[in-house]
Enquirer: 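First, the structure itself, so that you have it in front of you.
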Amino acid sequence: QLRIRESGGGLVQPGGSLTLSCKASGFTDGFGGIGWFRQVPGKGRVGVACITGDGITTKYADSVKGRFTISKDNGDNTVTLSMNSLNTEDTGIYYCSEVAGSRGRSGLECYLAARNPNWGQGLQVTVSS
């Protein structure tokens, strides 16, 4: 299973920004994709964004497109989620996980589906005035 160390999160007013970081090791497949998932009380985890192991290709949930940016430092295998223009619907606990991936003609792909998740405690993100 993936070993992860998550950091970041907190309380911010609507329209503000926060950054989440995930340092990962021990991938279970050759694609190395990492994603962030959000969970709100009473609901399951939902994929927010993912990035391929080579850090080239990204994918976002429709609700965060244009506001969130996922990036990767291949040197130390740290994935960062930069969240801007936050609104109250972004509130939740955010988790980092390995995600499903594939390799096509255009390169690696990632999917907003956790693969062999080893869920940590997650990071609380609260957007409130």
Side-chain angles (χ1 to χ4, degrees):
Q1 285 183 318
L2 193 71
R3 294 179 294 277
I4 61 172
R5 188 167 69 235
E6 302 161 326
S7 62
L11 172 65
V12 68
Q13 292 184 342
S17 300
L18 285 174
T19 299
L20 309 180
S21 292
C22 172
K23 187 172 175 59
S25 63
F27 293 92
T28 63
D29 69 13
F31 304 119
I34 292 285
W36 285 96
F37 296 78
R38 176 173 64 217
Q39 186 172 31
V40 298
K43 295 188 177 181
R45 292 180 182 89
V46 175
V48 173
C50 67
I51 189 165
T52 52
D54 57 9
I56 293 176
T57 302
T58 58
K59 185 168 293 181
Y60 299 91
D62 288 342
S63 62
V64 307
K65 282 181 181 177
R67 301 187 298 119
F68 289 14
T69 302
I70 190 169
S71 59
K72 185 182 181 191
D73 182 337
N74 286 321
D76 67 356
N77 231 23
T78 296
V79 172
T80 299
L81 184 67
S82 299
M83 306 183 292
N84 299 310
S85 301
L86 286 161
N87 58 58
T88 56
E89 294 184 349
D90 297 316
T91 294
I93 299 176
Y94 285 70
Y95 300 87
C96 172
S97 172
E98 182 176 0
V99 295
S102 65
R103 185 183 299 276
R105 289 186 176 181
S106 58
L108 291 175
E109 293 283 347
C110 67
Y111 304 97
L112 296 177
R115 175 184 169 87
N116 294 327
N118 183 18
W119 303 116
Q121 291 187 336
L123 301 170
Q124 177 69 51
V125 171
T126 303
V127 184
S128 175
S129 55

Enquirer: I need the single residue from V64, V125, I70 that forms a side chain to side chain contact (heavy atoms under 4.5 Å, CB included) with M83. Which is it?
Expert: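 Result: among V64, V125, I70, V125 is the only option passing the side chain to side chain contact (heavy atoms under 4.5 Å, CB included) with M83.
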Enquirer: Show me the pairs that pass ring-ring contact (aromatic ring centres under 6.0 Å, His included) and involve residues 40-83, at least two apart or across chains.
Expert: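 Every pair satisfying ring-ring contact (aromatic ring centres under 6.0 Å, His included) with a residue in residues 40-83: there are none.
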Enquirer: Only counting residues at least two apart or in another chain, list the ones meeting side-chain contact (heavy atoms from CB on, under 4.5 Å) with S102.
Expert: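 Counting only residues at least two positions away or on another chain, S102 forms a side-chain contact (heavy atoms from CB on, under 4.5 Å) with E109, Y111.
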Enquirer: Taking salt bridge (Lys or Arg N to Asp or Glu O under 4.0 Å) as the test, write out the residues that go with D76, two or more places apart.
Expert: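 Salt bridge (Lys or Arg N to Asp or Glu O under 4.0 Å) list for D76, sorted by chain: empty.
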Enquirer: Name all residues meeting the ring pair (Phe, Tyr, Trp, His ring centres under 6.0 Å) criterion together with Y95; count only those two or more places apart in sequence or in a different chain, and write none if there are none.
Expert: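 Result, ring pair (Phe, Tyr, Trp, His ring centres under 6.0 Å) vs Y95: W119.
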Enquirer: Scan residues 55-71 for pairs that pass salt bridge (charged side-chain N to carboxylate O under 4.0 Å, His left out), counting only residues two or more places apart or in two chains.
Expert: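 Of all non-adjacent pairs touching residues 55-71, those that pass salt bridge (charged side-chain N to carboxylate O under 4.0 Å, His left out) are D62-K65, R67-D90.
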Enquirer: List, one per line, each side-chain donor-acceptor pair under 3.5 Å for residues 40-57, sequence neighbours excluded.
Expert:
{"from": "T52", "atom 1": "OG1", "to": "D54", "atom 2": "OD1", "distance (Å)": "2.6"}
{"from": "T52", "atom 1": "OG1", "to": "I56", "atom 2": "N", "distance (Å)": "3.4"}
{"from": "T52", "atom 1": "OG1", "to": "T57", "atom 2": "N", "distance (Å)": "3.1"}
{"from": "T52", "atom 1": "OG1", "to": "T57", "atom 2": "O", "distance (Å)": "3.4"}
{"from": "D54", "atom 1": "OD1", "to": "I56", "atom 2": "N", "distance (Å)": "3.1"}
{"from": "T57", "atom 1": "OG1", "to": "L108", "atom 2": "O", "distance (Å)": "3.4"}

Enquirer: Can you give each donor-acceptor pair under 3.5 Å made by side-chain atoms of residues 4-22, sequence neighbours left out, with the distance rounded to 0.1 Å?
Expert:
{"from": "E6", "atom 1": "OE1", "to": "G122", "atom 2": "N", "distance (Å)": "3.3"}
{"from": "E6", "atom 1": "OE2", "to": "C96", "atom 2": "N", "distance (Å)": "2.7"}
{"from": "S17", "atom 1": "OG", "to": "N84", "atom 2": "OD1", "distance (Å)": "2.8"}

Enquirer: Does a side-chain heavy-atom distance below 4.5 Å link C110 with R115?
Expert: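 The answer is no; the side chains never approach within 4.5 Å.
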Enquirer: In Å, rounded to the nearest 0.5 Å, how long is the span from CZ of F37 to CD1 of I93?
Expert: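 The CZ atom of F37 sits 15.0 Å away from the CD1 atom of I93.
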Enquirer: Out of curiosity, L81 CG to T69 OG1, how far, rounded to the nearest 0.5 Å?
Expert: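 Rounded to the nearest 0.5 Å, the CG-OG1 separation comes to 8.0 Å.
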Enquirer: Under the rule for side-chain hydrogen bond (donor to acceptor under 3.5 Å, both in side chains), what residues qualify as partners of S71, not counting sequence neighbours?
Expert: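 Counting only residues at least two positions away or on another chain, S71 forms no side-chain hydrogen bond (donor to acceptor under 3.5 Å, both in side chains).
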Enquirer: Mind running side chain to side chain contact (heavy atoms under 4.5 Å, CB included) on V79 and W36 for me, showing each step along the way?
Expert: CA-CA 9 Å; V79 172; W36 285 96; 3.9 Å; yes
Enquirer: Do T91 and E89 meet the criterion of a side-chain donor-acceptor pair at a distance under 3.5 Å?
Expert: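 No, no side-chain donor-acceptor contact under 3.5 Å.
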Enquirer: In chain order, what residues pass the side-chain hydrogen bond (donor to acceptor under 3.5 Å, both in side chains) check against N74, with sequence neighbours excluded?
Expert: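 Per chain and number, N74 pairs via side-chain hydrogen bond (donor to acceptor under 3.5 Å, both in side chains) with K72.
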